[in-house]
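Below: one structure, written as structure tokens.
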Amino acid sequence: MPRPTAAQLAYGSCTVIFSTLAMLLLSETSSGVGIVVIALSALALGLLVAWTVPVPVARTVQAPAEPVTDEERVPTSL
């Protein structure tokens with residue numbers, strides 16, 4: 001399993017923190033069960049966001065098909 005990138009960790013963590021705060025403030029719950037349900041749903045949402053962040057693709061440099069000669073590099077006539 002590949003390691004998560006810094007962007008995935010940042011987006012996932014911010015999602016968990018902000019969604020937990022928003023749900024707690026909007027629901028105005030004070031019971032322990034309600035807080036646990038909100039925390040678990042925020043964690044699931046954070047994992048979903050972290051998994052859907054696009055991972056950068058490594059680019060490969062392609063070598064030229066044929067070696068270039070000196071005449072092809074610098075034209076002698078102007």
Side-chain angles (χ1 to χ4, degrees):
M1 182 171 181
R3 291 184 178 180
T5 62
Q8 288 174 319
L9 291 174
Y11 285 137
S13 298
C14 288
T15 301
V16 169
I17 292 168
F18 291 130
S19 62
T20 302
L21 287 175
M23 286 189 278
L24 284 173
L25 289 173
L26 291 173
S27 69
E28 298 178 359
T29 185
S30 60
S31 68
V33 175
I35 293 172
V36 169
V37 168
I38 288 174
L40 289 176
S41 62
L43 181 61
L45 184 62
L47 287 173
L48 177 70
V49 168
W51 280 337
T52 57
V53 172
V55 178
V57 178
R59 296 183 182 186
T60 58
V61 178
Q62 295 179 351
E66 296 178 8
V68 181
T69 62
D70 290 335
E71 291 82 22
E72 292 174 335
R73 278 191 210 135
V74 181
T76 55
S77 63
L78 293 176

What pair of heavy atoms forms the shortest contact from [X] to [Y], and how long is it?
X: Arg3; Y: Gln8; result: O-OE1, 4.4 Å
X: Ala42; Y: Thr20; result: CB-OG1, 3.0 Å
X: Pro4; Y: Leu9; result: CG-CD2, 4.0 Å
X: Ile38; Y: Ser27; result: CD1-OG, 3.4 Å

If you link I, L, V, M, F, W and Y whenever their side-chain heavy atoms are under 4.5 Å apart, who else ends up in the same group as Leu25? none
Starting from Val37 and following side-chain heavy-atom contacts under 4.5 Å between hydrophobic residues (I, L, V, M, F, W, Y), which residues can be reached? Val33
What pairs with [X] under side chain to side chain contact (heavy atoms under 4.5 Å, CB included), at least two apart in sequence or on another chain?
X: Ser41; answer: Met23
X: Ala7; answer: Thr5, Tyr11, Val53
X: Leu40; answer: Val36

What distance separates Ser19 OG from Leu26 CG, expressed to the nearest 0.5 Å? 11.0 Å
Ser13 side-chain N/O to Ala10 backbone N/O, donor-acceptor pair under 3.5 Å: no
From the options Leu45, Leu47, Leu43, select the one residue that forms a side-chain contact (heavy atoms from CB on, under 4.5 Å) with Thr15. Leu45
